[in-house]
Amino acid sequence: MQSTDLGNKESGKIWHRKPSPATHDGIIVNIVHSTSEYHPKVLRFLNVAFDGSGDSFIAGDHQGNIYVFDLHGNRFNLVQRTAQACTALAFNLRRKSEFLVALADYSIKCFDTVTKELVSWMRGHESSVCSISVHASGRYAITTSSDTAQLWDLDTFQRKRKLNIRQSVGIQKVFFLPLSNTILSCFKDNSIFAWECDTLFCKYQLPGPPEGSNILYKVFAVTRDGRILAAGGKSNHLHLWCLEATRLFRIIQMPAKVRAVRHLEFLPDSFDAGSNQVLGVLSQDGIMRFVNIQTCKLLFEIGTVEEGISSSVISPHGRYIASIMENGSLNVYSVQALTQEINKPPPPLVKVIEDLPSNTVSSSNLKMKIMPGRVQRPARCKESKIPTRVLKQDLTGDLENKENELSEGLNKKRLQILLKGYGEYPTKYRMFIWRSLLQLPENHTAFSSLVDKGTHAAYLSLQKKYPIKSRKLLRVLQRTLSALAHWSAIFSDTPYLPLLAFPFVKLFQNNQLICFEVVATLIINWCQHWFEYFPNPPINILSMIENVLAFHDKELLQHFIDRDITSQVYAWPLLETLFSEVLTREEWLRLFDNIFSNHPSFLLMTVVAYSTCSRAPLLNCTLKNDFEYFFHHRNNLDINVVIREVYHLMETTPADIHPNSMLDAFVALTKGQYPIFNQYPKFIVDYQTREWERIRNDELDFLRERQTVENMQAEVDEQRAKDEAWYQKQELLRRAEETRREILLQEEEKMAQQRQRLAAVKRELEIKEIHLQDAARRRLLKLQQDQREMELRRLEDEIERKVQMRDQEIAATAKDLEIRQLELEAQKRLYEKDLTTSQEAVAKEIREDTDAHRRKAALEEHMFQKLLENSQMGSRRAQRWKEAEEKEFHLQSAKKASALSDASRKWFLRQETSAALEHEEMPWLQRQYMDSAYLPQTSRLHDVSDMDPSTHIFSRNNPTEWNHMEHDLLKNVRDLRRRLTARARNSCQHPHLLVT
């Protein structure tokens, strides 16, 4: 067998090697969830549920960790941490990745295993949800608690229906039948009803169990085809019902070792078409036996007495069984491995009573035929008698100790071993275990008679002294205290009884019978000798506590004595509240798990242990108020340490001072009627009762007198109210008249204002009419103006068209003038070229003359310098300067001569151009030329180029005159050249004149 510890891992493999389950136990893997703290602790699994495929299931532990186990993929994942214990699970919804979980706070939540997010949160239950049933379509779900069942729509997560019942009849289970639209509701009075899901119409009701059968149904199972219902409870009998015929057709009797059935479930088979034949029966000994309901053979069993099973779930396809063990671990079984030796003949373990008559069913009609060894077919009987098949097991085992056997099939020694191992009972089964330990008789009739007496007079004003917010809780507390007061008169005068009973009322508020019997059992056993000194605290009990404290911690007791702290300060507050003021809910439950599992003296030892475990802070206290505060409020104290100390005190305390020797052993309540409780000073209680009765009568007289006075005062007040109402009515009439007068005045003012507004509107209409006439006149004028403008635009367009035509003619003429101007410019460039050539020749001659004159002057200067070289050495520098000046003068003279030549040439050209213009014969071209005179003129030559092209016409028409002018121009140029040459020569011959 492989074992896997989840630890703190959020995901991983379920097994690390391929599982090979053995045929004797069929265990695939054992899954344990333990913490890795300093003191390792096993987290117990509480619930498990398979999905629709049967290859995956979810499991939740008591700390709210929910895991998904994929048996096909060999993986597990932590999908949610709810931080509180889950009470029920469902994993077969329409959306395959979603699951429902019922939590300890009475709510139901829907989570997604993929996204790990909360899908919906459903509230509505007032007690813990014990089961969740999902419809075959996955659309609806039924959640069942002890007091109600609710139908939910899983598409909208809204509540559709709610089943309310009387408090006297509790609900065992409400669930859907497979492959149908029927809801089956099972109640604690063995009544079973079938309802239509859509209309909630009652289809049928199953008849009651046969006469003489004292079985109370608590567990149920239905085959996959929904035809057979198996029911069991606190008995070794199983009843099989045919739902189609609504009759009981078989009773199966389990062996004597099976005293109670805790769980039933059919084992699916792929070849039985839903009519399952194998039924799994989990009994109180922790063993789940699988029996064939037709052949009455034991096929196999899982679990042992040492490793018992707490609950089991079978996969839909019948391959796996997931079982939660009593030690909190999770076992996964292989059905295939368990059924390998199914053909071997098993020992007969069950006795079957079947084929009940369809008419009246009674225990006298059951014919039981015990056959040793093997199963045989029954023989046919006469008309009203039905043959039976019987299978019996020989009882050869030793009888167990009857003292440790409890009513629910539990064993007190095993419970104590479990309690010492885990420190507390499982949360899911704690109330069941308490009821078994206290051996509650559940006397419905006796309790009903006490409740029917109504609320006791002592607790009519309970809310004033104990203002509880929850009205339901207050009502249950009042009813419980009243029942105790009707049971025994002393409880009507016990001031601390509400404090003592309140924790149990809060726990069992949905089952008042159990609450009453738990408190009554507690008073009879653990409150022994408490009322002997009534109304004073139980001095004898406090003396026992003080003696034990003196033996185990003398220093602490001496400290109490020195500070004048009596046992009424450090012991009585803990007893009268049963530690509910100093402990949290979980700590209190854990403590009473141990108190109910031990001798009544355990409670007194707990008081001593609480003081000894708190000796350090108590020794530091010096004021009485500090001690009182300490024993009335919660303190930083580990309850596990206190419980261990209690067990140590129970073992080490001497017998002469041990409370065990002075207190009686546990005695359960009698069945049928409750015992008489008179362990109190009756004369004191009677005296107090008489005094209370006298005071109550006086109070009633006072109340009657006060009622009379109040009635008279009410009549006076009524008459005063009538008078006041008449005066108010008159005042209202006067105010109404004034209001109407004001309304009339306001209406008249409104009429005047309306007339003024009407006149103003009339004036506005007249002004508007004038404006409209004026607008029409302006529109007419504008129309006339637009017509005139159109005429003017037409004339302007005509003028523009003519101007455009004229501009086109002018542009054509301008183009002709441009062509003529280009021809004139070409002629002018030709003349300039010739003039430039002649000028260059003249300039060249001038430069040659100047160079010759310069050479001559230089030679003369050189000769003159040689002559004066010997005599005038000192004036050499001045002479050189003079030569330089002369050279510069010559250059300037040459430039001036060149400039004069250019000026004379230009002057000559202008004279010739002017002469040509004077001979022009077309005066209209001259006017055109003047119009174009706006063009820029930079020189006289440009003026010549811009003049009228008629000169070209003139030149073409008079070629002889033009040749003559050209001949004269060349002649003048030659004369000018001669004059310039002569002038240059003269300047060279007289240099001193130029210098000066």
Side-chain angles (χ1 to χ4, degrees), residues 799-847 894-984:
I799 293 171
E800 288 179 358
R801 185 175 59 79
K802 292 181 178 180
V803 170
Q804 187 177 4
M805 292 174 62
R806 188 190 63 183
D807 292 341
Q808 290 177 358
E809 292 177 356
I810 294 172
T813 306
K815 288 181 181 179
D816 293 339
L817 291 176
E818 288 176 358
I819 294 173
R820 292 169 186 166
Q821 184 179 359
L822 291 175
E823 292 178 357
L824 182 59
E825 286 180 356
Q827 291 179 3
K828 185 180 71 173
R829 291 191 191 97
L830 182 59
Y831 292 153
E832 286 179 354
K833 181 179 179 182
D834 295 340
L835 181 60
T836 301
T837 303
S838 61
Q839 186 178 0
E840 288 178 356
V842 173
K844 184 176 180 182
E845 291 179 359
I846 292 172
R847 284 195 298 273
K895 290 181 179 180
K896 288 180 179 180
S898 178
L900 289 173
S901 176
D902 292 337
S904 62
R905 188 177 68 254
K906 291 180 180 180
W907 176 83
F908 176 75
L909 291 173
R910 285 196 299 271
Q911 291 294 329
E912 292 296 330
T913 305
S914 299
L917 291 173
E918 291 177 356
H919 292 82
E920 185 177 356
E921 296 179 352
M922 298 178 67
W924 64 274
L925 291 175
Q926 291 179 358
R927 287 196 304 268
Q928 185 70 29
Y929 172 74
M930 294 302 294
D931 293 337
S932 62
Y934 66 89
L935 297 174
Q937 301 177 4
T938 57
S939 65
R940 300 300 299 175
L941 292 177
H942 292 150
D943 294 340
V944 175
S945 62
D946 294 335
M947 69 181 180
D948 192 83
S950 62
T951 54
H952 297 280
I953 301 171
F954 174 77
S955 61
R956 286 195 296 268
N957 296 331
N958 301 289
T960 305
E961 185 176 357
W962 180 257
N963 293 332
H964 180 70
M965 289 175 63
E966 183 179 0
H967 184 269
D968 293 340
L969 180 60
L970 293 175
K971 182 178 180 181
N972 291 333
V973 170
R974 292 191 190 94
D975 292 340
L976 179 59
R977 187 183 300 169
R978 282 195 299 271
R979 286 195 300 272
L980 290 174
T981 302
R983 186 180 296 175

Peer 1: For K844, give me all partners under side chain to side chain contact (heavy atoms under 4.5 Å, CB included), at least two apart in sequence or on another chain.
Peer 2: R847, E848
Peer 1: Going from CG on L835 to NZ on K828, what distance comes out if it is rounded to the nearest 0.5 angstrom?
Peer 2: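 One finds 12.5 Å between CG of L835 and NZ of K828.
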Peer 1: State the CG-CD distance between L817 and Q821, to the nearest 0.5 angstrom.
Peer 2: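 If we round to the nearest 0.5 Å, L817:CG and Q821:CD are 8.5 Å apart.
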Peer 1: Evaluate the criterion side-chain contact (heavy atoms from CB on, under 4.5 Å) for residue pair L822 and E818; output intermediate values, then yes/no.
Peer 2: CA-CA 6 Å; L822 291 175; E818 288 176 358; 5.5 Å; no
Peer 1: Applying side chain to side chain contact (heavy atoms under 4.5 Å, CB included), name anything that partners R829, two or more places apart in sequence or on another chain.
Peer 2: E825
Peer 1: Does K802 form a side-chain contact (heavy atoms from CB on, under 4.5 Å) with I799? I'd like the steps, not just the answer.
Peer 2: CA-CA 5 Å; K802 292 181 178 180; I799 293 171; 5.8 Å; no
